[in-house]
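Take a look at the structure below.
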There are 2 protein chains.
Amino acid sequence: MEDTRERIIDATAALFTQRGYAASGLKQISGASTATIGSLYHFFPGGKAELAAETLTRSGQAYQELVEAVIDAAPDVVTGVRDCFDGAAETLRASGYADACPIATVALEVASADEALRQVTEQIFASWLRSITDRLVNGGVPESRAPELATVLLAALEGGFLLSRVAKDAAAMDVLGATVVDLVRHAVDGSGFVPERRRT
Amino acid sequence: MEDTRERIIDATAALFTQRGYAASGLKQISGASTATIGSLYHFFPGGKAELAAETLTRSGQAYQELVEAVIDAAPDVVTGVRDCFDGAAETLRASGYADACPIATVALEVASADEALRQVTEQIFASWLRSITDRLVNGGVPESRAPELATVLLAALEGGFLLSRVAKDAAAMDVLGATVVDLVRHAVDGSGFVPERRRT
DNA sequence: GTCTATAGCTTGATAGAC
DNA sequence: GTCTATCAAGCTATAGAC
């Protein structure tokens with residue numbers, strides 16, 4: 001196989017999501033990706049730190065594209081936001097509350113302990129917030145209100161992942177989705193914007 | 001000193017808050033608490049797992065009591081909720097974005113990897129939600145609405161800790177506080193309840 | 001590019017003197 | 001209760017054959 005590098009990153013992303021950075025050993029990653037430790041250092045000479053930075057960046061991009069696809073596929077932004085939370089809740093239930101945000105656990109671990117990796121997570125969240133803000137504005141949320149609403153949306157999603165994983169119950173995610181949907185709807189209505197379509 | 005056990009727990013709590021479970025070694029804890037590894041196993045024969053369970057439980061209780069004190073000291077529940085978020089933002093700024101939730105990082109690490117510790121974190125969050133719900137009801141939020149609003153409040157606080165620590169900027173916590181305060185105010189107003197006092 | 005072997009260190013945990 | 005010595009296992013990282 002020539003996609004060894006991909007397999008390593010995929011295995012690392014899965015372990016980071018479920019156990020975090022410190023608890024994910026290189027031998028474990030090597031085993032899970034069916035790549036030897038030699039291959040691992042061939043593709044990532046910088047070792048664990050380089051592998052982590054690359055994995056976080058890639059996971060962040062993939063997750064952003066997923067959310068963008070969900071929102072852009074909806075007839076209006078209110079529905080799109082609802083679909084995001086519904087999808088997150090469904091993914092949690094289907095995976096036994098293991099498949100959640102690929103960044104959050106590592107981000108909390110490194111925030112005060114590894115400045116280089118902290119900056120990587122900062123860039124990822126900043127990119128997510130820009131993407132969400134753009135879509136809120138496109139959907140009719142006033143530009144003055146969109147950045148704050150994007151922050152609330154992302155914090156609700158992350159808080160929902162935390163509470164739902166801990167309780168092994170996605171009810172929290174459902175409640176948060178309903179709340180954020182209401183906030184978005186109100187922001188759109190208040191602007192006098194008629195939610196219309198940009199699909200196809 | 002006879003409070004060796006306390007020092008061990010305090011040092012563990014600080015390390016868990018800033019680095020999480022897996023990255024906090026027993027030798028590091030031993031050093032930070034000026035207790036030898038022998039003392040550590042004397043007080044916690046179950047090793048790291050027992051120390052973690054005890055530390056999380058104690059930190060969870062202390063944090064709950066802190067939030068309760070802040071809310072109960074305010075003239076009304078809307079102000080109390082605002083004080084909570086303001087206090088969280090201030091603590092973040094004052095500590096260089098290191099002092100945040102003592103449970104969240106560990107909770108995400110163990111949610112899918114250590115069932116015993118996951119249950120400990122589940123009990124802590126459940127206790128927090130009961131406490132917040134009680135105070136919302138006392139402050140005039142309808143009983144039918146209070147549990148959901150408590151979930152939103154806690155998720156916003158946790159999401160705010162994550163985004164603020166990652167960005168080394170408490171602006172997210174400020175935005176989330178303002179949003180939750182509005183939600184609580186609306187829930188109180190909508191119930192026809194006049195925010196009145198229970199202090200002194 | 002892949003694989004094995006291994007260095008050097010740290011981890012969680014135990015034993016036993018004091 | 002405290003301390004030190006030590007164990008086996010794990011870790012990250014490197015070297016070198018293939």
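For clarity, every value in this text was computed on a predicted model and none was experimentally measured. Chain A is the first sequence line, chain B the second, and so forth, proteins listed ahead of strands; every chain is numbered from 1.
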Q: Assess whether side chain to side chain donor-acceptor pair (under 3.5 Å) is satisfied between A:Gln61 and A:Glu65, documenting all intermediate values.
A: CA-CA 6 Å; A:Gln61 288 173 343; A:Glu65 286 163 14; over 6 Å; no
Atom [atom1] of [X] and atom [atom2] of [N]: how far apart are they, to the nearest Å?
X	N	atom1	atom2	result
B:Ile29	C:dT10	CD1	P	16 Å
A:Leu26	C:dT10	CG	C1'	14 Å
B:Tyr21	C:dT11	OH	P	14 Å
B:Leu40	C:dA13	CG	P	10 Å
B:Phe44	C:dT14	CZ	P	16 Å
B:His42	D:dG1	NE2	P	4 Å
A:Asp3	C:dT2	CG	P	10 Å
B:Leu51	C:dT11	CG	C1'	15 Å

Q. Hey, is the side chain of A:Thr4 poking within less than 4.0 Å of OP1 or OP2 on C:dT2, counting only N and O atoms?
A.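 True: A:Thr4 side-chain N/O within range (under 4.0 Å) of C:dT2 OP1/OP2.
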Of the options [options], whose atoms approach the side-chain atoms of [X] most closely?
X	options	result
A:Lys27	D:dT2, D:dT12, C:dC3	D:dT12
A:Tyr41	D:dA13, C:dT4, D:dC3	D:dA13
A:Lys48	D:dA13, C:dA13, C:dT2	D:dA13

Q. Hey, any chance A:Tyr63 and A:Met173 share a hydrophobic cluster, counting ILVMFWY side chains that come within less than 4.5 Å of each other, even indirectly?
A.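 Yes, one cluster joins them.
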(Q) Do A:Leu40 and A:Thr4 have side chains that approach each other closer than 4.5 Å (heavy atoms only, starting at C-beta)? (A)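 No - every pair of side-chain heavy atoms lies 4.5 Å or more apart.
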Q.
Taking the nucleotide of DNA chain D with the nearest heavy atom to each, does B:Thr36 or A:Ala22 sit closer to the 5' end?
A.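 Closer to the 5' end of DNA chain D: B:Thr36.
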Q.
Classify A:Ser24 by what it touches in the nucleic acid, base, sugar-phosphate, or nothing, heavy-atom distance under 4.0 Å.
A.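 Contact class for A:Ser24: sugar-phosphate only.
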Q.
Does B:Gly38 reach a base, just sugar-phosphate, or nothing at all? Heavy atoms under 4.0 Å.
A.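 The residue B:Gly38 makes base contact.
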Q: Decide whether a cation-pi geometry holds between A:Lys48 and A:Tyr21; the criteria are a distance under 6.0 Å from NZ or CZ to the six-membered ring centre and an angle within 45° of the ring axis.
A: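 Judged by the rule, A:Lys48 and A:Tyr21 form a cation-pi pair.
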Q.
Is there a side chain to side chain contact (heavy atoms under 4.5 Å, CB included) between B:Glu54 and B:Arg5? Walk through the geometry before answering.
A. CA-CA 11 Å; B:Glu54 177 73 10; B:Arg5 200 186 130 99; 2.9 Å; yes
